[in-house]
A.B. asks: 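Here's a structure for you.
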Amino acid sequence: MTSQEVRAQFLNFFKEKNHKIVPSAPMVMKNDPTLMFTNAGMNQFKEFFLGNSVPKSKRVTDTQKCLRVSGKHNDLEEVGKDTYHHTMFEMLGNWSFGDYFKKEAIQWAWELLTEVYKIDKENLYVSVFEGSQDDKLELDQEAYDLWKEIVPEDRIIMGNKKDNFWEMGDQGPCGPCSEIHVDLRSKEEKAKVPGASLVNQDDPLVVEIWNLVFIQYNRKANGSLEDLPEKHIDTGMGFERLCMVLQNVKSNYDTDVFTPLIREIETITGHKYGKTEEADIAIRVVADHVRAVAFAIADGQLPSNTGAGYVIRRILRRAIRYGFTFLDTKQPFIFRLVKVLSERMGDAFPELSKHHQIIENVIKEEENSFLSTLEQGLVLLDSVIKSSKGKTIDGEKAFELYDTFGFPIDLTSLILEEKGYRLDVEGFEKALKAQKDRSRAASEVSKDDWTVLQQDAEQEFVGYDTLEANVKLVKYRKVSSKKEGDQYQLVFNLTPFYAEGGGQVGDKGYLEAPNGDVVYIVDTKKENNEIVHFAENLPKEVSGTFKAVVDQEQRFHTACNHTATHLLHQALREILGSHVEQKGSAVHAKHLRFDFSHFSKLSVEELREVENFVNARIEGQLPLQENRNIPIKEAMEQGAMALFGEKYGDTVRTVRFGHSIELCGGTHVKNTADIWHFKIVSEGAVAAGIRRIEAITSEAAKEFFFKNNRMLFEIKDLLNTSQDPVKAVASLQEENSALKKQVEQLLKDKAKGLKNELIAELKDINGIQFLAKKVDLDAGGIKDLAFAMGGQVDDLFLLLASENDGKAILSCYISKDLASNKGLNAGNIVRELGKHIQGGGGGQPFFATAGGKNPDGIPAALANAEELVLATT
RNA sequence: GGGGGAUUAGCUCAGUUGGCUAGAGCGCUUGCCUGGCAGGCAAGAGGCCACCGGUUCGAAUCCGGUAUUCUCCA
């Protein structure tokens, strides 16, 4: 059975049980600040479990792309070492939102596995939650009894809280679960050791394939549990593992999900899979990671140095590192796997084949840059080794290499080992922990429980039509972080505040209580489909009706920028071509940023054309035409642009200005004329094949033009010309450099004259060519002069003084031979003579300078110099 | 969001405790030599040492800030 068939049969099975098939949500989370990536099938349904929204269908089934790089069983550094862990994987699931519960979940799971997939019942084990004293929970008798009807009791295993109690996080919905495990070992081994004893023991051939979660509790902030009003089913079956079972192989990597990738890696690197342990691990790492990274990029997440982008970068770099070390790839090669990947999975996940060119470019670029980081690191490591005293390399040094220069610690340790050195691992771990603690402390957030004032199933957003509304507080909680201090999160029954989303910033504003008290709303964000308002403090009286008022100015400027973003998107597609796709946007009140796919730098003419295109539509006074509730299919037929990596519902909102139609939830101007003007302020690259435009509109554009204009007038004023200031500046620059050369020449001539003059004045004191004199030069000129004379006269002793801005300078030059023969030291001499001018100084034995604030002391210093020379001879 | 680095000639980079008249290699220009494969020799041009401020007699070097960039952590 091919993997495609496995996937299709799963979905079909549940479709026949009245489940609605829904598409996979994007792997990269956009609207949940608590999570960077989709890490389980249930993520996209979280709002239903929390009761924030009501699902359209109570039974749903899907396959979900997931990414896990941390957690108890998913340490990134472990992936590849065994044959069954992955960063990215697909999770097949069926769901009940307050509909069927344990009975159906258990029966259907069994039916699918044994009758559709025809897995031998003899190989299956199931587990049941044994209860937990901590939580005062008993054995999950209900599940046990249900299983007992299907499987012999010796195949039902008791599981502890760690394995059989599932939680979403520290807080929130949770419940006991039943896992289904399959024993893939040979007959002989089964006879030796019973399978039941190997369940959950990390045996690669006795593995969990399906987890049925019975969500029935809510965990509160203080750790206690309460019953949920509605009970839910959440199941997840690892797709890759299921394929392994059904394709009768011993490793996920031997299924047709991975073999095409592995064959391609073999072809490119010349290393055969299955020859050596080291190369095998490396091949698995590369095969797994390229999948994760490619899907993430397809979902719009580029590698970067912060947040989710950094996780992607780390995954990709780990693959590069393994290739570099164990597959001898010193050139980019991972990008070459994208083709195979998109051929294999493009049908199930069309975003992959659609974006394969960009994915290739980005990966290649990232490979190149990391390979040069590695090269640089090798040089640095070499110098660390050379400068180390013993045979142990300091952990802090290694950490510096890692932290500052990005050189991987495992490479450091490997190279050291080869060269017979030892790495101080403890020192490294200590430094790493210190850095982690620092980061964690800086971003620590603690959340109280919600205080619920009234029940309200779904809150309404009224902000498209009004900026003011009378609202009631539904619930609130305190949130503390180091950076923001104490803040309060408020949820209303309805709100005019737009929550951050679709690239647009959240609204600011205030809340007015009946007694006139005002609470400022500093930001608005969406969490699990709930609009959360952030306030610095809590209203004194939380019940009653508040007047919620959005900051009109910020909203207006943001709307101008958002509408301009749509027009810009349209302009780029018209002018550059339809390969242009939005890769990200940030709409603020003061400016907008738009990232899009394009292969080359925009020329000045293209930028001008884009600006003109947008401004023509602003001048065209196009009215906003919105449709708040239109079936997505219909919207697409009208040509609305949807963004990849966004999750859309069945019905969507479309925003139209002229020929620009986009699926968008943001706030817009009523008419493009409101924008006044659109001005691009910068254009540049953010990644291979991705460009970024930053632009301004309305007030910001006015301000921009005003400032520039004023500056131009000031420049004209200064230049005393009303004509072409560019020409004037150019000719000034030309003149300036000519004058500079002239001055330089004159100074040289003057110095030459002065030099000859001074040479004539030299006095022979016991073979020393001596001169102490005040000259009219600055410190640099004196230096030049002294060295010029030194080049011409041997046994020279010069003390030159000058006066500048009321300050005195003394410089002493002594020919090198003279200085060493007679033990003279210019530094000491100027320090001594500096006393006359109330100053100090120093330098080298043959040339030194001192400065002081008393020019009147110069004659005394000059006289003193002669005495000094007489004394030393 | 929190750290750590980097920024010096067209490019790749040296530059020690503040003082070496700011350097090397490659590239460039010019001349000479040369049956060569990165030709050889010689001469030369090319620097606001990222920017702004401070400390100091003196700052590429020390301190603070800004910008750009790399990197690690969350």
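Chain letters run A, B, ... following the sequence lines, proteins first and then strands; every chain starts at 1. The figures that follow rest on heavy atoms only: side chains count, while hydrogens, waters and symmetry mates do not. Nothing here was measured: the structure is a model prediction, and the numbers come from that model.
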A.B. asks: Between the base of B:rG3 and the side chain of A:D403, is one N or O donor paired with an acceptor at under 3.5 angstrom?
C.D. replies: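 It does, because a donor-acceptor pair links the side chain of A:D403 to the base of B:rG3 below 3.5 Å.
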
A.B. asks: Using a distance-only test with no angle check, is there a side-chain donor-acceptor pair under 3.5 angstrom linking A:H836 and A:N864?
C.D. replies: yes

A.B. asks: How about A:E396: does its CD atom have over 12 heavy atoms from other parts shown lying under 6.0 Å from it?
C.D. replies: no

A.B. asks: Give me the distance, rounded to whole Å, that separates B:rA67 from B:rC51 when you measure between the C1' atoms they each carry.
C.D. replies: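 Their C1' atoms lie roughly 7 Å apart.
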
A.B. asks: I want to check a possible cation-pi pair here: A:K330 against A:F324, using under 6.0 Å from ring centre and within 45° of the ring axis as the test.
C.D. replies: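 Yes; both conditions hold, so A:K330 lies above the ring face of A:F324.
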
A.B. asks: Taking the side chain of A:R438 as heavy atoms from C-beta outward, which of B:rA74, B:rG2, B:rU71 is closest to it?
C.D. replies: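 Selected nucleotide: B:rG2.
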
A.B. asks: Contact class for A:R314 (heavy atom, under 4.0 Å): base, sugar-phosphate, or nothing?
C.D. replies: sugar-phosphate

A.B. asks: Rounded to whole angstrom units, what separation is found between the CD1 atom of A:I837 and the C1' atom of B:rG58?
C.D. replies: 12 Å

A.B. asks: Write down the distance separating the C1' atoms in B:rA45 and B:rG5, rounded off to the nearest Å.
C.D. replies: 34 Å

A.B. asks: Any N or O donor-acceptor pair under 3.5 Å from the base of B:rG4 to the side chain of A:Q435?
C.D. replies: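 Absent.
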
A.B. asks: If you measure from the C1' atom in B:rG19 to the same atom in B:rC62, how many Å do you get, rounded?
C.D. replies: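 Rounded to whole Å, the distance is 14 Å.
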
A.B. asks: Could you check A:G852 against A:G842 and say which one's nearest nucleotide on RNA chain B is further toward the 5' end?
C.D. replies: A:G842

A.B. asks: For A:G307, which contact category applies under a 4.0 Å heavy-atom criterion: base, sugar-phosphate, or nothing?
C.D. replies: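 Base, at least one base atom sits under 4.0 Å.
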
A.B. asks: For nucleotides 20-25 of chain B, print each protein N/O atom paired with a nucleotide N/O atom at under 3.5 Å, atom names and distance only.
C.D. replies:
unit_1, atom_1, unit_2, atom_2, d
B:rU21, O2, A:D784, OD1, 2.7

A.B. asks: Taking B:rG4 as the reference, what is the distance to B:rC63 when you measure between their P atoms (whole Å, please)?
C.D. replies: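 After rounding to an integer number of Å, I get 12 Å for this pair.
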
A.B. asks: Would you kindly compare A:G851 and A:F405 by the position of their nearest RNA chain B nucleotide and give the one closer to the 5′ end?
C.D. replies: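 Its nearest nucleotide being more 5', the pick is A:F405.
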
A.B. asks: Give a yes or no on whether the ring-centroid distance for A:F846 and A:Y813 is below 6.0 angstrom.
C.D. replies: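 No; A:Y813 has its ring centre 6.0 Å or more from that of A:F846.
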
A.B. asks: Considering only side-chain heavy atoms of A:T404, which listed nucleotide, B:rA74, B:rG5, B:rG2, is closest?
C.D. replies: B:rG5

A.B. asks: Round to the nearest Å and state the distance from A:Y402 atom OH to B:rC70 atom C1'.
C.D. replies: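 To the nearest whole Å, that distance equals 15 Å.
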
A.B. asks: Does a donor on one side chain and an acceptor on the other come within less than 3.5 Å for A:D794 and A:S815?
C.D. replies: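 Side-chain D/A pair, A:D794 to A:S815: absent.
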
A.B. asks: Could you state the CG-C1' distance from A:D523 to B:rG1, rounded to the nearest angstrom?
C.D. replies: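 My rounded result for the distance is 14 Å.
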
A.B. asks: Before accepting this row, confirm whether a basic side-chain N of the pair A:R317/A:E367 lies closer than 4.0 Å to the acidic partner's carboxylate O.
C.D. replies: no

A.B. asks: Without decimals, in angstroms, what is the distance between A:Q487 CD and B:rG1 P?
C.D. replies: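 For the pair A:Q487 CD and B:rG1 P, the rounded distance is 14 Å.
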
A.B. asks: To the nearest Å, how far apart are A:L810 CG and B:rG58 P?
C.D. replies: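 That distance rounds to 13 Å.
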
A.B. asks: Can you tell me which stems involve RNA chain B, if a stem is defined as three or more consecutive Watson-Crick or G-U wobble pairs, both distances under 3.5 Å?
C.D. replies: B:1-7 with B:67-73, B:10-13 with B:23-26, B:28-33 with B:39-44, B:50-54 with B:62-66

A.B. asks: Give a yes/no answer on whether the side chain of A:R313 brings an N or O atom under 4.0 Å of OP1 or OP2 in B:rC72.
C.D. replies: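 For A:R313, the contact criterion (side-chain N or O under 4.0 Å from OP1 or OP2 of B:rC72) is not met.
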
A.B. asks: Name the nucleic acid region contacted by A:G406, choosing base, sugar-phosphate or nothing; use a 4.0 angstrom heavy-atom cut-off, strictly under.
C.D. replies: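 Sugar-phosphate contact only - A:G406 comes under 4.0 Å of backbone atoms but never of a base.
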
A.B. asks: Under 4.5 Å between any side-chain heavy atoms of A:F407 and A:Y402, yes or no?
C.D. replies: no

A.B. asks: Taking A:G841's backbone N and O only, do any of them form a donor-acceptor pair with A:R831's side chain (distance below 3.5 Å, no angle check)?
C.D. replies: yes

A.B. asks: Pick out the pairs of N or O atoms, protein on one side and nucleotides 7-12 of chain B on the other, that lie under 3.5 Å.
C.D. replies:
none

A.B. asks: Taking atom C1' in both B:rG35 and B:rG23, compute the distance separating them and give it to the nearest angstrom.
C.D. replies: 37 Å

A.B. asks: For A:I409 and B:rU71, give me the distance from atom CD1 to atom C1', rounded to whole Å.
C.D. replies: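 One finds 14 Å between C1' of B:rU71 and CD1 of A:I409, rounded.
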
A.B. asks: Hydrogens and angles aside, do A:Q489 and A:K478 bring a side-chain donor and acceptor to less than 3.5 Å of each other?
C.D. replies: no

A.B. asks: Taking atom types as modelled, find out whether A:S480 and A:D486 have a side-chain donor-acceptor pair closer than 3.5 angstrom.
C.D. replies: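 Yes.
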
A.B. asks: In whole angstrom, give the distance that lies between atom CD of A:Q376 and atom P of B:rU71.
C.D. replies: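 So the two atoms are 9 Å apart, to the nearest Å.
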
A.B. asks: Say we look at B:rC20 and B:rU34: how far apart would their C1' atoms be, to the nearest angstrom?
C.D. replies: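 Those two atoms are separated by 39 Å.
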
A.B. asks: Given B:rC72, is OP1 or OP2 found less than 4.0 Å from the side-chain N or O atoms of A:R317?
C.D. replies: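 Checking B:rC72 against A:R317, a side-chain N or O does come within under 4.0 Å of OP1 or OP2.
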
A.B. asks: If I pick the C1' atom on B:rU29 and the same atom on B:rU68, what distance separates them, to the nearest angstrom?
C.D. replies: 32 Å

A.B. asks: Would you confirm whether A:D424, through its side chain, and A:G395, through its main-chain N or O, come within 3.5 Å as a donor-acceptor pair?
C.D. replies: yes

A.B. asks: Taking the C1' atom of each, how far is B:rU17 from B:rG64, in whole Å?
C.D. replies: 22 Å

A.B. asks: Verify side-chain contact (heavy atoms from CB on, under 4.5 Å) between A:R692 and A:E683, making sure each step is shown before the conclusion.
C.D. replies: CA-CA 6 Å; A:R692 167 172 295 175; A:E683 190 272 347; over 6 Å; no

A.B. asks: Heavy atoms only: give me the nearest A:A801-A:L862 pair and the separation to one decimal.
C.D. replies: CB-CD2, 4.1 Å

A.B. asks: Just checking, any donor-acceptor pair under 3.5 angstrom between side chains of A:Q435 and A:D403?
C.D. replies: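 Yes, a side-chain donor-acceptor pair sits under 3.5 Å.
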
A.B. asks: In whole Å, what is the span from the CZ atom of A:R831 to the C1' atom of B:rG58?
C.D. replies: 12 Å

